S.K.: 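Before I ask anything, let me first share the structure, which is written out below as structure tokens.
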Amino acid sequence: MTQWVLHVDMDQFLVAVELLRRPELVGLPVVVGGRGDPTERAVVSTASYEAREHGVRSGLALRLAKRRCPDAVFLPVDRPVYEEASARVMETLRSHPGAVVEVLGWDEAFVGVETDDPLATAREVQAAVLAATSLHCSVGIGDTLVRAKIATEFGKPRGTFQLTRDNWMEVMGERPTTALWGVGAKIAARLEAIGIRTVADLAAADEDALVAAFGPSSGAHLGRLGRGGGRSRPDDTPWVARAHGRETTFQADLTTADDVRAALAELAERVVDDVRAEDRPVQRVHLKARFAPFFTFTKVRKLAEPTYDVEVIARTAYELFVALDDDRPVRLLGVRGEMVPPPGGY
DNA sequence: TCTGGGGTCCTAGGACCC
DNA sequence: TCTGGGGTCCTAGGACCC
């Protein structure tokens, strides 16, 4: 028996969950995002495959989604329903004999299994998830987490794909570095500046050069990533949150200090609700502010004493806001509370 | 054309200490 | 007059992911 990693990724998850309770929308372009009103400031969380054909993607402003696909049905984000569906998916994965499940988000997880027929196991997992939830997923099969994760893209929708040491270079070698998990536009540009454009270039790159350009941790990580390497066993230790935050985009920009203070107080209150539930007080306060149209700043301050006190957190956030010394209208505010680590650390 | 809301991790560099 | 070498703690800021 061999150790394999499966990466299970739900297909158009938010839309799929909505279609279960609105079957009449199956086959139509459906967009889930914000409060479901395309005239508001909000973005697409998930678009159905039919909507994607019109160029609607996650992260696109709802207003633009409406323009690109005027016939789309817009639905509001309904977190509790997705959390519930997600929990059933994860429970199904954990019920597979011998499975070690590492959750990555609402709609995806790594599953470590021992099997001589990983494709058959992947099919079993897909069938079990479908039976338990009526939802379809794609499964990437790999000999490392990175390979399994990237394989999934080639299996979508409802399919599987296998990526291992043997076919990694053949499949990935000529692709740009942005095809890798964790390499975005900025990192890709910095790599290109030192002559690395493709995955094959990165795999062959000199480790010292990568470390010189990206530091000891990131440099070594990038080299491994190019070769598809890294961890090969999922880790199922329960997740312990480092921080909780809340942020809001205002439909009408804020212009007065009182409005800002009131908004920060409300956000701080919601943050404290979350950190109380963790039973670990806030030790550092992060303030995020976006001024119209797109300048975003974050500031951090460590508190003298860890606290659950909403007043202290809200006042600290406001002090950080004032320190920005920017009098443009405010489009977004966020407060994040970084908690004291649990006994024994993370 | 307009950019959510929830997160994590890393690096650089200053302040300070021995 | 010039200035080691190791370490910790802190903030700022960048980048990425779902």
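Here is the naming used below: chain letters follow the sequence lines, and residue numbers restart at 1 for every chain. Values in this document were obtained by computation on a predicted structure and should not be read as measured data.
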S.K.: Name the nucleic acid region contacted by A/Val183, choosing base, sugar-phosphate or nothing; use a 4.0 angstrom heavy-atom cut-off, strictly under.
M.R.: sugar-phosphate

S.K.: Base, sugar-phosphate, or nothing: which does A/Arg336 touch, judged by heavy atoms less than 4.0 Å apart?
M.R.: base

S.K.: Please determine, by modelled atom types, if A/Glu50 and A/Ser48 share a side-chain donor-acceptor pair under 3.5 angstrom.
M.R.: yes

S.K.: Starting at NE2 of A/His286 and ending at P of B/dG5, how long is that distance when rounded to a whole Å?
M.R.: 18 Å

S.K.: Once you apply a heavy-atom cut-off of 4.0 Å, does A/His244 come out as touching a base, just sugar-phosphate, or nothing?
M.R.: sugar-phosphate

S.K.: Name the nucleic acid region contacted by A/Gly34, choosing base, sugar-phosphate or nothing; use a 4.0 angstrom heavy-atom cut-off, strictly under.
M.R.: nothing

S.K.: Just the rounded figure in Å: distance from C1' of B/dT3 to NZ of A/Lys66.
M.R.: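 One finds 19 Å between C1' of B/dT3 and NZ of A/Lys66, rounded.
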
S.K.: Output a table of donor-acceptor pairs, distance under 3.5 Å, between side-chain atoms of residues 225-239 of chain A and any protein atom two or more places apart or on a different chain; print 'none' if there are none.
M.R.:
{"from": "A/Arg227", "atom 1": "NH1", "to": "A/Ala203", "atom 2": "O", "distance (Å)": "3.3"}
{"from": "A/Arg227", "atom 1": "NH1", "to": "A/Gly223", "atom 2": "O", "distance (Å)": "3.3"}
{"from": "A/Arg231", "atom 1": "NH1", "to": "A/Glu102", "atom 2": "OE1", "distance (Å)": "2.9"}
{"from": "A/Arg231", "atom 1": "NH1", "to": "A/Arg233", "atom 2": "O", "distance (Å)": "3.3"}
{"from": "A/Arg231", "atom 1": "NH2", "to": "A/Glu102", "atom 2": "OE2", "distance (Å)": "3.0"}
{"from": "A/Arg233", "atom 1": "NH1", "to": "A/Gln3", "atom 2": "OE1", "distance (Å)": "3.2"}
{"from": "A/Asp235", "atom 1": "OD1", "to": "A/Thr237", "atom 2": "N", "distance (Å)": "2.9"}
{"from": "A/Asp235", "atom 1": "OD1", "to": "A/Thr237", "atom 2": "OG1", "distance (Å)": "2.3"}
{"from": "A/Asp235", "atom 1": "OD2", "to": "A/Thr237", "atom 2": "OG1", "distance (Å)": "3.1"}

S.K.: Give A/Val300 one of three labels, base, sugar-phosphate or nothing, depending on what nucleic acid heavy atoms sit under 4.0 Å from its own.
M.R.: sugar-phosphate

S.K.: Please report the distance, rounded to the nearest Å, between CZ in A/Phe250 and P in B/dG4.
M.R.: 12 Å

S.K.: As a test of reading the structure: which of B/dT8, C/dA12, B/dG4 is closest to the side chain of A/Leu332, going by heavy atoms?
M.R.: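 The listed nucleotide nearest to A/Leu332's side chain is B/dG4.
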
S.K.: Provide, to the nearest angstrom, the distance between the OH atom belonging to A/Tyr82 and the C1' atom belonging to C/dC18.
M.R.: 15 Å

S.K.: Of the nucleotides B/dT3, B/dG6, C/dC18, which has the atom closest to the A/Lys149 side chain?
M.R.: C/dC18

S.K.: Quick one: is A/Arg41 getting a side-chain N or O under 4.0 Å of the B/dG4 phosphate, OP1 or OP2?
M.R.: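 Checking A/Arg41 against B/dG4: no side-chain N or O falls below 4.0 Å of OP1 or OP2.
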
S.K.: What integer number of Å spans the C1' atoms of C/dG4 and B/dC16?
M.R.: 16 Å

S.K.: Nearest whole angstrom, please: distance from the P of B/dT3 to the CZ of A/Arg290.
M.R.: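 Taking atom P of B/dT3 as the reference, CZ of A/Arg290 is at 8 Å.
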
S.K.: Measure from the side-chain heavy atoms of A/Lys302 and tell me the nearest of B/dT11, C/dC10, C/dC17.
M.R.: C/dC10

S.K.: Quick check: closest heavy atoms across A/Leu62 and A/Gly33, and the distance to 0.1 Å?
M.R.: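 Closest pair (atom of A/Leu62, atom of A/Gly33, distance): CD1-O, 3.6 Å.
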
S.K.: Counting heavy atoms from C-beta on, name the nucleotide in B/dT11, B/dT8, C/dC18 closest to the side chain of A/Ala241.
M.R.: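 That would be B/dT8.
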
S.K.: Quick one: which of B/dT3, B/dG6, B/dT11 gets closest to the side chain of A/Ala61?
M.R.: B/dT3

S.K.: Taking only N and O in the side chain of A/Ser45, is any of them less than 4.0 Å away from OP1 or OP2 of B/dG5?
M.R.: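 No, no such contact exists.
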
S.K.: Does a donor on one side chain and an acceptor on the other come within less than 3.5 Å for A/Thr39 and A/Asp37?
M.R.: yes

S.K.: Under 4.0 angstrom, heavy atoms only, what part of the nucleic acid is A/Ile187 near: base, sugar-phosphate, or nothing?
M.R.: sugar-phosphate

S.K.: Of the nucleotides B/dG5, B/dT11, B/dT1, which has the atom closest to the A/Leu64 side chain?
M.R.: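 Closest nucleotide to the A/Leu64 side chain: B/dT1.
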
S.K.: Nearest to the side chain of A/Arg63, heavy atoms from C-beta on, is which of B/dG4, B/dT11, B/dC2?
M.R.: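 Of the candidates, B/dC2 comes closest.
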
S.K.: With sugar-phosphate meaning primed atoms plus P, OP1 and OP2, does A/Thr248 contact a base, only sugar-phosphate, or nothing at under 4.0 Å between heavy atoms?
M.R.: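 Sugar-phosphate contact only - A/Thr248 comes under 4.0 Å of backbone atoms but never of a base.
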
S.K.: Taking the C1' atom of each, how far is C/dC17 from B/dT1, in whole Å?
M.R.: 24 Å

S.K.: Among B/dG5, B/dT8, B/dT3, which nucleotide has an atom closest to any side-chain atom of A/Thr249?
M.R.: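 The answer is B/dG5.
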
S.K.: Select base, sugar-phosphate, or nothing to describe what A/Arg284 touches, counting heavy atoms under 4.0 Å on all strands.
M.R.: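 Base contact.
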
S.K.: Any side-chain N or O of A/Arg331 less than 4.0 Å from the OP1 or OP2 oxygen of B/dT3?
M.R.: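 So the side chain of A/Arg331 is within the cut-off, an N or O lying under 4.0 Å from OP1 or OP2 of B/dT3.
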
S.K.: Please determine whether a side-chain nitrogen or oxygen atom of A/Ser217 lies at a distance below 4.0 Å from atom OP1 or OP2 of B/dC10.
M.R.: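 The answer is yes; a side-chain N or O of A/Ser217 sits under 4.0 Å from OP1 or OP2.
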
S.K.: Within less than 4.0 Å of OP1 or OP2 of C/dG14, is there a side-chain N or O belonging to A/Lys186?
M.R.: no

S.K.: Across the strands shown, which category fits A/Phe214 at heavy-atom distances under 4.0 angstrom: base, sugar-phosphate, nothing?
M.R.: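 Sugar-phosphate contact only.
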
S.K.: State which of B/dC10, B/dG6, B/dT3 makes the closest approach to the side chain of A/Arg79.
M.R.: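 Among B/dC10, B/dG6, B/dT3, the one nearest the side chain of A/Arg79 is B/dG6.
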
S.K.: Pick base, sugar-phosphate or nothing for A/Trp181, based on heavy-atom distances below 4.0 Å to the nucleic acid.
M.R.: sugar-phosphate

